[in-house]
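Each remark here refers to the structure printed beneath this line.
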There are 2 protein chains.
Amino acid sequence: MHDTESDDDRLDRAFLALADPVRRNLVARLSRSSATVNELAEPFPMSKQAVSRHIQVLERAGLITRTRDGQRRPCHLAPAALEELTSWIDGYRLAAEARYRALDEVLAAMKTANRPQEE
Amino acid sequence: MHDTESDDDRLDRAFLALADPVRRNLVARLSRSSATVNELAEPFPMSKQAVSRHIQVLERAGLITRTRDGQRRPCHLAPAALEELTSWIDGYRLAAEARYRALDEVLAAMKTANRPQEE
DNA sequence: TTGTTTATCAACCAGTTGGTTGACTATTTA
DNA sequence: TAAATAGTCAACCAACTGGTTGATAAACAA
């Protein structure tokens, strides 16, 4: 299923999944322990169906996995998927920071070169 | 400006901003160097207005800043905002990983306790 | 001043998201 | 078997996204 899905699609779904306070709250909750739909839905002032759909969004994004335990469908956080996101972000963040540091050095060097005789 | 905005709102905007391949491409481009709207729009098969709006989404999310240079409005990546996102994710990722490691140890201990005489 | 370049604003439209309620499946329990 | 529990599916609706085109503002250049 979904053999031909691009990295872009995966990142789209993952970042979109995190762009909602309810779903981020679910991620936070699941980082403490796995939980069922009912357990996850309980704190929220909305229908269980709405929470179930939020869970599906997280699952399709690969951020959580689900197992079967009788009639329950426990949800488990998928740390590896979270790690992919931080890796993506950090690649560009570190490149930009390195560039800014290099620019600072150039500016510092120019400043020194312009006033070689000062203190 | 915007004194009464919650962390949730900021994270909503930032993750939503990254949940689009065009905007992620802009982030990647800006990690190499700052650039104007025209420069950023050039590679995309869409109107300059559409790219301008993507840039506004990134700016409102705090992921980029803009300066003025005559009639140009150069865009610059904001590494600190990216770092906030990785921090948020990593907090929960590391908690989950630690919990899973602890569970592995419990399971390993139970296995050993059940078969104390087996090698 | 006149015209060119850079960038944004406004109106419009198709598709998606996030909530609702009601019906349904599947599993467990009496 | 019948009834309760866990969860999903389907239809509906308001709000938002992401693209379009046309008009506009602001800074340069002639």
Side-chain angles (χ1 to χ4, degrees), chain A residues 1-2 5-6 8-27 29-30 33-76, chain B residues 1-2 5-6 8-27 29-30 33-76:
Chain A
M1 121 265 268
H2 274 292
E5 74 171 353
S6 66
D8 265 359
D9 290 338
R10 304 219 337 282
L11 289 171
D12 283 359
R13 282 198 294 271
F15 282 123
L16 186 61
L18 294 181
D20 180 286
V22 171
R23 289 191 295 260
R24 285 197 303 277
N25 201 307
L26 293 173
V27 167
R29 167 67 184 79
L30 290 171
S33 75
S34 295
T36 65
V37 175
N38 272 332
E39 288 165 350
L40 292 171
E42 194 276 326
F44 293 100
M46 67 177 66
S47 68
K48 192 170 58 173
Q49 289 95 322
V51 174
S52 178
R53 236 174 12 179
H54 280 300
I55 290 170
Q56 287 177 46
V57 171
L58 289 166
E59 187 181 17
R60 282 173 198 145
L63 299 182
I64 67 175
T65 59
R66 311 186 71 177
T67 48
R68 176 153 293 273
D69 170 26
Q71 63 198 133
R72 312 229 168 89
R73 309 290 311 280
C75 303
H76 319 278
Chain B
M1 123 263 270
H2 274 292
E5 76 171 349
S6 67
D8 266 359
D9 291 336
R10 303 219 337 283
L11 290 172
D12 283 358
R13 283 197 293 272
F15 282 123
L16 186 62
L18 294 181
D20 180 288
V22 171
R23 290 191 294 260
R24 284 197 304 277
N25 201 306
L26 293 173
V27 167
R29 166 68 184 81
L30 289 170
S33 75
S34 296
T36 65
V37 175
N38 272 333
E39 288 165 349
L40 291 172
E42 194 275 325
F44 293 100
M46 68 177 67
S47 69
K48 192 170 62 172
Q49 289 95 323
V51 174
S52 178
R53 235 173 13 176
H54 280 300
I55 290 170
Q56 285 177 50
V57 170
L58 289 167
E59 186 180 18
R60 281 171 199 150
L63 299 183
I64 67 175
T65 59
R66 311 187 69 176
T67 47
R68 182 159 281 280
D69 170 26
Q71 65 199 130
R72 312 228 168 90
R73 307 290 311 280
C75 303
H76 319 278

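All heavy atoms count here, side chains included; hydrogens, waters and symmetry mates do not. Just so it is clear: chains get the letters A, B, ... in the order the sequence lines come, proteins before strands, and each one is counted from 1.
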* Measure from the side chain of B:M46, starting at C-beta and using heavy atoms only, and say which of D:dG19, D:dA27, D:dA6 lies closest. => D:dG19
* Structure fact -> So the contacted stretch of DNA chain C, first to last nucleotide with an atom under 4.0 Å from a non-hydrogen atom of chain B, runs from C:dT5 to C:dC9
From [atom1] of [X] over to [atom2] of [N], roughly how many Å is that when rounded to an integer?
| X | N | atom1 | atom2 | value |
| --- | --- | --- | --- | --- |
| A:D69 | D:dG7 | CG | P | 9 Å |
| A:E42 | D:dT5 | CD | P | 16 Å |
| A:E39 | D:dA6 | CD | C1' | 11 Å |
| A:F15 | D:dT17 | CZ | P | 18 Å |
| A:R72 | D:dA4 | CZ | C1' | 13 Å |
| A:D20 | D:dC16 | CG | C1' | 13 Å |
| A:Q71 | D:dA3 | CD | P | 17 Å |
| A:R66 | D:dG7 | CZ | C1' | 8 Å |

* Which heavy atom of A:V22 sits nearest a heavy atom of A:D20, and at what distance? -> N-OD1, 2.8 Å
* Asked: Can you find a heavy atom in the side chain of A:V57 that is under 4.5 Å from one in the side chain of A:R23?
  -> yes
* Asked: So do the side chains of B:R29 and B:R24 get within less than 4.5 Å of each other, counting heavy atoms only?
  -> no
Can you list, pair by pair, the side-chain donor-acceptor contacts under 3.5 Å of residues 35-44 of chain A, counting residues two or more places apart and other chains?
unit_1 : atom_1 : unit_2 : atom_2 : d
A:T36  : OG1    : A:E39  : N      : 3.2
A:E39  : OE1    : A:T36  : N      : 2.9

* Structure fact -> A:R72 meets the side chain to side chain donor-acceptor pair (under 3.5 Å) criterion, sequence neighbours left out, with none
* Between the main-chain N or O of A:G70 and the side-chain N or O of A:R68, is there a donor-acceptor pair closer than 3.5 Å? -> yes
Show the atom names and distances, to 0.1 Å, of all donor-acceptor pairs under 3.5 Å that link a side chain in residues 58-67 of chain B to residues at least two apart or in another chain.
unit_1 : atom_1 : unit_2 : atom_2 : d
B:R60  : NH2    : B:Q56  : OE1    : 2.9
B:R66  : NH2    : B:R73  : O      : 3.2
B:T67  : OG1    : B:H76  : NE2    : 2.7

* Structure fact -> Distance col, row B:D12:CG vs B:S6:OG, nearest 0.5 angstrom, shows 7.0 Å
* Structure fact -> Residues in residues 49-63 of chain A with a heavy atom under 4.0 Å of DNA chain D, by number, are A:Q49, A:S52, A:Q56
* Could I get the full list of side chain to side chain contact (heavy atoms under 4.5 Å, CB included) partners for A:L16, not counting sequence neighbours? => B:L16, B:A19
* Asked: OP1 or OP2 of D:dG7 sitting under 4.0 Å from any side-chain N/O of A:N38?
  -> yes
